[in-house]
Amino acid sequence: MPATLLVVGEVADGRLARLSAEIASFAVGLAAAGGGAVVGLIVDAAPDLAAQEFAAYLPRVVSVASGAVADGVWAPHAAAEARRLVDEGVTHVLASVTNDGRDVAGLLCGGLGWGILANASAASWDGDAIVVEATVLAGKAIARSTVDAPNAIVTVRAGAAEAMELAKSGAIETRVPVGVPAVPAAAVLDRVAEAGAEVSLEEAKVVVVGGRGVAGPEGFGLVDELAALLGGVTGASRAAVDAGWIPYARQIGQTGKVVRPALYLSLGVSGAMQHRAGMQGSQNIVAVNRDPDAPIAEIADLFVIGDLFEVGPALAAELRARRGG
Amino acid sequence: MRILVMTKPVPDPAANAERLGANLRLDRAASPTVVNGNDEYGLEAALQLVQAHGGEVAILTMAPATGVETMRKALAMGAMSGVLVADDALAGADIPTTIRVLAAAAATQAWDLLIGGLDTSDGAGGVVTAGVAARLGLPLLSAAARIEPDPAARRVRVQRLSAKGHDLLEAPMPAVISATQALGTPRYPTLKGIMAARTRQITMLTLADLGADMLPIGGQWPSRVLGVLPPPSRAAGRTVTGDPAAQAREIADYLADQRII
Ligand SMILES: Cc1cc2nc3c(=O)[nH]c(=O)nc-3n(C[C@H](O)[C@H](O)[C@H](O)COP(=O)(O)OP(=O)(O)OC[C@H]3O[C@@H](n4cnc5c(N)ncnc54)[C@H](O)[C@@H]3O)c2cc1C
Ligand SMILES: Nc1ncnc2c1ncn2[C@@H]1O[C@H](COP(=O)(O)O)[C@@H](O)[C@H]1O
């Protein structure tokens with residue numbers, strides 16, 4: 001039986017998340033390789049715009065206007081809508097590697113008992129069975145895994161595919177909500193914005209990262225300055241986050257964000273495996289470190305040996321001079 | 001209040017202790033085992049909650065019988081008892097099976113909160129806690145940065161990490177929570193804790209005790225690893241030495257070449 005892939009889309013401030021567009025194109029490519037169909041799902045209080053945006057990448061989008069997600073958590077409702085589509089013949093569910101996407105994948109797995117392939121960065125078919133590649137053990141290896149079954153749930157990482165609009169936008173089908181969430185949905189009493197937390201590290205073209213070497217919250221002034229000069233965003237190692245110098249939302253690595261910018265520039269980061277897991281896909285890696293043996297040298301395109309408190313200000317001055325000239 | 005924390009033994013991710021064998025598979029025998037990092041954050045939060053509200057913390061693990069050793073580390077932090085589901089038939093169990101086993105085992109215990117990790121350092125699926133909530137039909141409060149129960153009202157509030165900061169969630173207890181690093185640094189076991197852990201009860205359960213039919217037909221899990229490849233290698237880069245101003249020029253030249261500035 002040919003596969004029908006479901007892409008569970010995510011919405012931020014009424015717009016389609018960029019990762020969802022990538023996963024849509026990932027699924028379209030996979031369906032083309034195996035001769036199957038693809039459908040997208042948008043569940044939101046006001047889904048219209050995001051559904052339209054999703055349909056630019058997908059031949060068919062199911063759009064559910066769910067008032068319940070305005071003041072309740074999203075995943076149990078999204079999982080219930082996905083479950084309805086499974087009952088109508090979806091064979092594979094693709095969700096994002098985000099907190100929401102993993103919640104949906106887990107809720108569906110608990111309900112359906114389907115196998116899960118997590119953190120996919122590539123996928124193909126072996127007959128009916130889907131085969132995915134995923135980085136494991138903080139980047140030490142890439143595993144190819146499969147589920148010997150005609151059904152599976154796959155979570156997909158950022159950067160697995162480039163988002164590509166179709167020649168013609170897909171059809172949008174609006175539906176009323178199933179109404180019964182996969183589990184009782186917790187109430188959302190408040191959505192709190194925190195200073196320094198709202199950054200789209202994953203989408204930044206330039207990421208400037210401070211590690212333990214910046215030696216305190218003041219050290220991030222230099223990191224922020226370079227980020228501003230380069231039109232980038234500030235990130236951090238876990239050592240800097242654990243020290244309380246910068247919010248957890250800025251952490252890059254295995255337990256933080258995964259970034260793949262055009263430029264990753266770090267100051268005083270050693271380059272531990274768990275940190276690399278979040279940045280080794282960057283196009284260009286420039287690292288400033290005073291220790292010639294720091295492990296980040298193994299993956300840096302440019303490894304600058306020196307004191308960050310000297311090299312950093314010199315670089316800021318140089319960038320400013322070139323910008324002015 | 002009773003809190004049950006799901007603790008998975010994982011190869012120690014620190015100091016590169018996750019040894020890969022010749023075939024690039026994880027050599028678990030050669031890797032010292034610790035409690036998964038996010039589970040420790042959850043355990044620490046649980047211990048602080050029972051200090052504040054009264055009650056007791058227990059732990060739940062599915063692992064081979066040697067998992068007892070890792071569980072002692074969690075007991076040494078202050079958990080009072082443990083449940084270990086150990087069964088030869090579970091070797092290599094896949095994620096849906098792990099979810100079913102943990103949910104069935106959790107259901108044998110009395111608790112107000114069930115806390116798991118957001119994800120694991122060895123598998124990093126990040127789906128088991130949500131899966132267990134689905135099996136149990138309980139509210140899921142995921143990606144917790146703070147947990148505030150109100151035992152009298154039988155409700156719990158959780159600050160859930162969001163892209164912008166956090167969402168404040170509320171649900172009735174019992175509920176299922178997934179723990180993150182943002183909950184705060186776990187305590188080190190004291191010598192007294194380590195001594196006390198030796199005598200704390202770990203109840204061993206087998207699949208037969210759980211009474212559920214969880215084994216795959218033909219004895220083989222449908223999910224399997226086909227092969228493991230080394231990560232793509234990056235071409236060796238250039239080292240930049242000299243005085244800071246010259247280094248800054250060299251960095252800027254490189255960025256200009258790469259059309260970043
Ligand atoms: C389960 C687990 C998950 C983890 N997840 C993550 C994660 O998501 N992200 C993450 O980053 N880490 C993670 N870690 C931690 C990781 O192993 C490292 O401990 C951490 O990345 C180290 O941060 P760092 O490089 O800033 O600090 P350090 O390793 O202490 O390195 C500091 C570097 O700064 C250099 N330096 C100091 N002063 C100067 C100066 N004046 N000028 C120039 N250079 C200087 C030093 O030479 C050194 O190389 C995780 C660990 C575990 C066990
Ligand atoms: N074998 C296990 N024993 C106990 N808890 C587990 C086990 N596997 C997963 N968990 C729990 O589920 C969480 C998420 O795991 P995972 O989805 O595998 O990343 C972990 O942090 C644990 O709390």
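Below, chain A is the first sequence line, B the second, and so on; all start at residue 1. The shown structure was predicted, so the numbers you read here are calculated from the model rather than taken from an experiment.
- Of the two parts of A/Ala300, only the backbone, made up of N, CA, C and O, holds a non-hydrogen atom closer than 4.5 Å to a non-hydrogen atom of chain B.
- Across A/Leu112, A/Ile153, A/Leu302, A/Val97, the residue that shares the most heavy-atom pairs under 4.5 angstrom with chain B is A/Leu302.
- Here the shortest heavy-atom pairing between A/Pro184 and B/Gly137 reads CD-O, 3.3 Å.
- Of all the listed residues (B/Thr241, B/Leu118, B/Ile260, B/Val158), the one sharing the greatest number of non-hydrogen pairs under 4.5 Å with chain A is B/Ile260.
- At least one side-chain heavy atom of A/Asp242 sits less than 4.5 Å from a side-chain heavy atom of B/Gln181.
- Judged purely by atom type and a 3.5 angstrom limit, B/Gln247 uses its side chain to pair as donor or acceptor with the backbone of A/Ile305.
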(message) Go through it in stages, so that I can follow the logic: the residues are A/Asp301 and B/Gln258, the test is side chain to side chain contact (heavy atoms under 4.5 Å, CB included), and I'd like the CA-CA distance, side-chain angles, deciding distance and then a yes or no.
(response) CA-CA 11 Å; A/Asp301 299 295; B/Gln258 300 296 324; over 6 Å; no
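- Across A/Gln280, A/Lys205, A/Gln251, the residue that shares the most heavy-atom pairs under 4.5 angstrom with chain B is A/Gln251.
- Interatomic distance, CG of A/Leu117 versus CD1 of B/Ile95, reported as 8.0 Å (0.5 Å rounding).
- Between chain A and the residues B/Ala171, B/Ser223, B/Gly37, the largest count of heavy-atom pairs under 4.5 Å involves B/Ser223.
- Of all the listed residues (A/Thr146, A/Val147, A/Leu319), the one sharing the greatest number of non-hydrogen pairs under 4.5 Å with chain B is A/Thr146.
- Most heavy-atom pairs under 4.5 Å with chain A, from the set B/Asn38, B/Leu140, B/Asp243, B/Val176: that is B/Leu140.
- When all heavy atoms of A/Tyr248 and B/Ala182 are compared, the closest pair comes out as CD2-CB, 4.2 Å.
- Contacts between B/Ile261 and chain A at a heavy-atom distance below 4.5 Å involve the side chain alone, from C-beta outward.
- Looking only at side-chain heavy atoms (C-beta outward), B/Val225 and A/Val136 stay at 4.5 Å or farther from each other.
- B/Arg157 has no carboxylate O lying under 4.0 Å from a charged side-chain N of A/Asp190, or vice versa, which leaves the two without a salt bridge.
- Pairing each heavy atom of B/Pro244 with each of A/Ala314, the nearest pair is O-CB, 3.7 Å.
- To the nearest 0.5 Å, atom CG of residue A/Leu189 and atom CG of residue B/Leu168 are 4.5 Å apart.
- Considering only heavy-atom pairs separated by less than 4.5 Å from chain B, the leading option among A/Ala143, A/Gly281, A/Ala12, A/Ala187 is A/Ala187.
- Contact tally against chain B (heavy-atom pairs below 4.5 Å) for A/Leu265, A/Leu229, A/Ile116, A/Asp126: the top residue is A/Ile116.
- Looking at B/Arg160, the atoms closer than 4.5 Å to chain A (heavy atoms on both sides) all sit in the side chain, from C-beta outward.
- With a 4.5 Å cut-off on side-chain heavy atoms, B/Asp253 and A/Glu318 do not count as touching.
- Taking the side chain as every heavy atom from C-beta outward, B/Thr180 and A/Asn99 never approach each other to under 4.5 Å.
- The greatest number of non-hydrogen atom pairs below 4.5 Å with chain A, out of B/Arg135, B/Arg238, B/Glu170, B/His166, is found for B/His166.
- When side chains are defined from C-beta on, B/Lys164 counts as touching A/Asp13, because their heavy atoms get closer than 4.5 Å.
- Interface remark: of the candidates A/Arg238, A/Glu310, A/Gln283, A/Arg238 forms the most heavy-atom pairs closer than 4.5 Å to chain B.
- Heavy-atom proximity under 4.5 angstrom to chain B picks out A/Ile285, A/Val286 from residues 285-298 of chain A.
- Summarising the geometry of B/Ile99 relative to A/Cys109, their closest heavy-atom pair is CD1-SG, 3.7 Å, with the distance given to 0.1 Å.
- At a 4.5 Å heavy-atom cutoff, the contact between B/Leu255 and chain A is made by side-chain atoms alone.
- Residues satisfying the salt bridge (Lys or Arg N to Asp or Glu O under 4.0 Å) criterion with B/Asp94, sequence neighbours excluded, are absent altogether.
- Of all heavy-atom pairs spanning A/Arg102 and B/Gly126, the tightest one is CB-O, 3.3 Å.
- Across A/Gly110 and B/Ala134, no two heavy atoms sit closer than the pair CA-CB, 4.1 Å.
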